[in-house]
Number of protein chains: 2
Amino acid sequence: MSTDVTVAQSAPGPRTGRRRLVKVLPEDARRHNKSLVLQALFPEAELSRADIARMTGLTRVTVSDLVGELAEEGLVRELGQKESKRPGKPGTLLSINPYARVLVALDLSDSETLNGALVDLSGRVLSRDAVTIGGAVGETAVTATIELAQKLVAVADRPVLGVGIGTPGMVDADGVVLHAPNRSWESVPLRERVAEALELPVLVSNDADAAARAEHSYGGRAETVLVVHVALGVGAGLFINGKLVHGHRSAAGEIGHVSIQDDGVLCACGKRGCLETFTSVPALRAQLDELTGEPTDLSQRAAILSGAGEKLSRVVAPLVAAIDFDEIVLSGPLDLLGGDLVDSVRENVRMRTRSAFRNDVPVRTTDLGEDTVLLGAAAMVLSGQLGVS
Amino acid sequence: MSTDVTVAQSAPGPRTGRRRLVKVLPEDARRHNKSLVLQALFPEAELSRADIARMTGLTRVTVSDLVGELAEEGLVRELGQKESKRPGKPGTLLSINPYARVLVALDLSDSETLNGALVDLSGRVLSRDAVTIGGAVGETAVTATIELAQKLVAVADRPVLGVGIGTPGMVDADGVVLHAPNRSWESVPLRERVAEALELPVLVSNDADAAARAEHSYGGRAETVLVVHVALGVGAGLFINGKLVHGHRSAAGEIGHVSIQDDGVLCACGKRGCLETFTSVPALRAQLDELTGEPTDLSQRAAILSGAGEKLSRVVAPLVAAIDFDEIVLSGPLDLLGGDLVDSVRENVRMRTRSAFRNDVPVRTTDLGEDTVLLGAAAMVLSGQLGVS
DNA sequence: CATAATTGTTCACTTTATTAACTTATTGTT
DNA sequence: AACAATAAGTTAATAAAGTGAACAATTATG
């Protein structure tokens, strides 16, 4: 049996013909085990050292040692004694100290406004900030991003663990935005730029990927989840076995331009009947704006949203069959996605994939409101810097 | 940056609400590094200890130590001196000794015949065997499988590393065949049964998954690949970032019963227009058998195969967009899949997903002939026992 | 022929986790 | 109240893993 293990290491090089061979040192094993202690405590748990030892399989001695280090760093604190009805010395309860560090999280997915927040280790938003860029693109958008991050860092009254950024566009493993049309970004080394300006660890990923990570860390905590992020376009983030899927050329999740109707309307990409021409926010608003508000229009509205859901399900159903997700989550404006649309997706996916030997996959809208991408950006930092997810 | 690392460990428990926390010991790190040496040598490479040290980042001292152990186990052998034009002591060339062990590989995907082979460490088939079961199902099929494995073990003139089995049906992580209709298997603990009978390590997976693994290990060696296995049904195996995707309930890859045409013919599963009603081997043969062989029928044949490819692409295109595979491979009877069918899949996937910012994904038929599943079964053993892939 | 370069090994050392034993603290029983 | 049983957390000795420094062996080059 082999088990996946995440070990923080130096940045990987390019993938050439030969597969990369990455050594593991005892010190990497220790970093992993230290993360394990944090992971055990992460879901607001209060556990004793002995509890953690049982959960991880490490000995009490080792756990004590690891907890000692984490306590010195301020990340873990003792809460007091565990009251119990059983004989034996009562354990000392431990928990993560959510105020030990803050994270800077940026959501760049809106076209007009860049949103940012200071977030504590438990995912609570401590303060918010935003800059209006009014459609600014290119270098201007980069400096606006840096300034927003700097303002948030200035507000922090605690050590900043790092900066997480969720941005539209394709992002590679080194945090380079390969292609983001609404920002006119082509191969912009966003991670490097922000890291140089702030002298902090910076992590960048696609906004849909961030949304997926948020669901994995703060939402249903599913290990294998598909998040469909409906905004200007339609993007997907895939978490499979607890890991984000980047794809061969960092283009995973780009489902907005799958053609699902050969005689559909012409899309900006040059193809016909792309998913985005049916189910993106602009496409939906345009259709709904034509309605007047009369009684008959109510069922018209339902028909439009159901139709969009049906179109989305043509893309989602094959994914469900092929990957067997724990759940499917829709994120974006809930006034559009909730109700008829999500119901239609659920029903149509069920119709296309139902089987006597597999339960229907749950399909729901996000519970994280408008902060999905922001929380995902925060979770990136937690995962990257502390190995917690 | 975090890097995936495979570490052999004891069998995982059930996935309950809480995530599993798996410790890593220095000894696991060593097992991993030892596998790294084998991985470096696996693609028929002849390398010196110093070469391996450079490739892995381990020191020459450590590599020497690991090579020493592997040599003692007979897995690695010295070939002689490396001739070079540069100054310095010439290195001692090492290679894997493909004859150090044999593997037993079984392909149970045919309905009439169970096929098996002895395979060496380089994937060469040393001898074959088969049993005709004539549609036998249930316990009879299990004992036939065990007998075939035993016959092959009896022929082996070297230590047997393990037994790999590719079988139709859904298979869970413990090698239990949850559901295989053509064998009438429901929750059959195939791995356990064979392991008890042979007292050898046994690894079981779905036939499409095995095919995917074969492409990953012996075919294009892509890290992220979709293999569509067309046989009695249509199944898919997904390798993502070098790891097989099992899915939430071991049902990943079950794409045969995605409905792609609402008014299609009724499928055995109860839905209409399932992919299998168009593109499985029986469905294709049935359509082709109606042709007489006259000139007009030649273009009819092309139309039938192209149509089947177009249907398949409706399922594959969303997967390509969502996961950004290195390549797509079709496996199964090449007289059906080659030519018009694969061309149609390639073209239709391209039509539905093409983008200015992503190259078209290569779509091809397997190079591994009829042995895809067999070689995948062998690769499972290599991966599971030696950490080589 | 001397020098530089390269391979592979030996040795002393650091890091990591383990087992065994011990201290401390609590419950339950006589 | 005394004592046994149980459990948590710590201390100390030990085993395993990889490293750097130094060295011997071997080759090309000027």
Side-chain angles (χ1 to χ4, degrees), chain A residues 5 7-10 21-37 40-41 46-72 76-94, chain B residues 5 7-10 21-37 40 46-72 76-94 387:
Chain A
V5 165
V7 174
Q9 288 215 329
S10 51
L21 302 176
V22 183
K23 68 176 172 178
V24 175
L25 304 183
E27 113 194 42
D28 296 316
R30 180 157 180 100
R31 188 167 20 246
H32 171 89
N33 290 337
K34 204 165 154 184
S35 291
L36 234 48
V37 174
L41 293 169
E46 299 184 354
L47 302 167
S48 70
R49 291 167 175 82
D51 291 331
I52 297 173
R54 276 185 291 267
M55 288 169 64
T56 59
L58 294 163
T59 61
R60 295 197 308 268
V61 181
T62 304
V63 171
S64 279
D65 198 34
L66 294 169
V67 166
E69 277 185 32
L70 290 166
E72 232 171 64
V76 165
R77 59 183 176 183
E78 296 195 345
L79 292 179
Q81 292 223 326
K82 189 176 182 177
E83 80 281 3
S84 78
K85 282 146 201 141
R86 288 186 306 170
K89 173 178 170 176
T92 320
L93 286 176
L94 303 168
Chain B
V5 165
V7 174
Q9 289 215 327
S10 51
L21 301 176
V22 183
K23 68 175 171 178
V24 175
L25 304 183
E27 113 194 42
D28 297 316
R30 180 159 180 100
R31 185 163 27 240
H32 171 88
N33 290 336
K34 203 164 155 184
S35 292
L36 235 47
V37 173
E46 300 185 352
L47 302 167
S48 69
R49 292 167 175 83
D51 292 331
I52 298 172
R54 275 185 292 267
M55 290 169 64
T56 58
L58 293 163
T59 60
R60 296 198 306 268
V61 181
T62 304
V63 171
S64 278
D65 197 35
L66 294 169
V67 166
E69 277 185 31
L70 290 167
E72 231 171 65
V76 165
R77 59 182 176 184
E78 297 194 345
L79 292 179
Q81 293 223 325
K82 188 177 182 177
E83 80 282 1
S84 79
K85 283 147 202 140
R86 289 184 307 168
K89 172 177 170 176
T92 319
L93 285 176
L94 304 168

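Order of the sequence lines fixes the chain letters, A, B, ..., with proteins taken first and strands second; residue numbering starts at 1 for each chain.
- Atom CD of E27(A) and atom C1' of dA17(C) are 15 Å apart (whole Å).
- Salt bridge status for K34(A) with E27(A): absent, with no side-chain N to carboxylate O gap under 4.0 Å.
- Taking side-chain N and O atoms only, S64(B) has no distance below 4.0 Å to OP1 or OP2 of dG8(C).
- To the nearest angstrom, C1' of dT18(C) lies 18 Å from CZ of R30(B).
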* To do: Quick one: do T62(B) and N33(B) satisfy side chain to side chain contact (heavy atoms under 4.5 Å, CB included)? Show the steps, please.
  => CA-CA 9 Å; T62(B) 304; N33(B) 290 336; 5.6 Å; no

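- Residue N33(A) places at least one side-chain N or O under 4.0 Å from the OP1 or OP2 atom of dA17(C).
- The nucleotide range of DNA chain D contacted by chain A, defined by atoms under 4.0 angstrom from heavy atoms of the protein and reported 5' to 3', is dT6(D) to dT19(D).
- The one candidate from L94(A), V37(A), L66(A) that meets the side chain to side chain contact (heavy atoms under 4.5 Å, CB included) condition with R49(A) is L94(A).
- One can place CD of E83(B) at 14 Å from P of dT7(C), the figure rounded to the nearest angstrom.
- For the pair A50(A) and L66(B), nearest-nucleotide mapping onto DNA chain D gives the more 5' position to A50(A).
- Heavy-atom distances to DNA chain C give each of G57(A) and S48(B) a nearest nucleotide, and the one nearer the 5′ end belongs to S48(B).
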* Give the intermediate values and the outcome of side chain to side chain contact (heavy atoms under 4.5 Å, CB included) for residues M55(A) and V63(A). => CA-CA 11 Å; M55(A) 288 169 64; V63(A) 171; over 6 Å; no

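- When the P atom of dA5(C) is taken as reference, atom CG of D51(B) falls 19 Å away, rounded to whole Å.
- In this structure, R31(A) atom CZ and dT15(C) atom P are separated by 14 Å, rounded to whole Å.
- Put simply, T92(B) has a side-chain N or O that comes within less than 4.0 Å of OP1 or OP2 on dG8(C).
- If you take CG of L36(A) and P of dA17(C), they are 11 Å apart, rounded to a whole angstrom.
- Rounded to an integer number of Å, the gap from CG of L25(A) to P of dA17(C) is 13 Å.
- Each of T56(A), I52(A), L58(A) was checked for a side chain to side chain contact (heavy atoms under 4.5 Å, CB included) with L21(B), and the lone residue meeting it is T56(A).
- D51(A) pairs by the side-chain contact (heavy atoms from CB on, under 4.5 Å) definition with L47(A), S48(A), R54(A), K82(A), not counting sequence neighbours.
- Distance check: L93(B) CG to E78(B) CD gives 9.5 Å after rounding to the nearest 0.5 Å.
- With rounding to whole Å, M55(B) atom CE is found 14 Å from dT7(C) atom P.
- Picking from dT18(C), dA17(C), dT7(C) the nucleotide with the shortest atom distance to the side chain of K23(B) gives dT18(C).
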* **Protein-to-nucleotide contact annotation, 5' to 3' order, nucleotides 21-30 of chain C [B base; S sugar-phosphate only; - none; under 4.0 Å, heavy atom]** => ---BBBSS--

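- By the 4.5 Å heavy-atom criterion applied to side chains, K23(A) and T59(B) are not counted as neighbours.
- Proximity of a side-chain donor or acceptor of H32(B) to a complementary backbone N or O of G387(B) within less than 3.5 Å is not detected.
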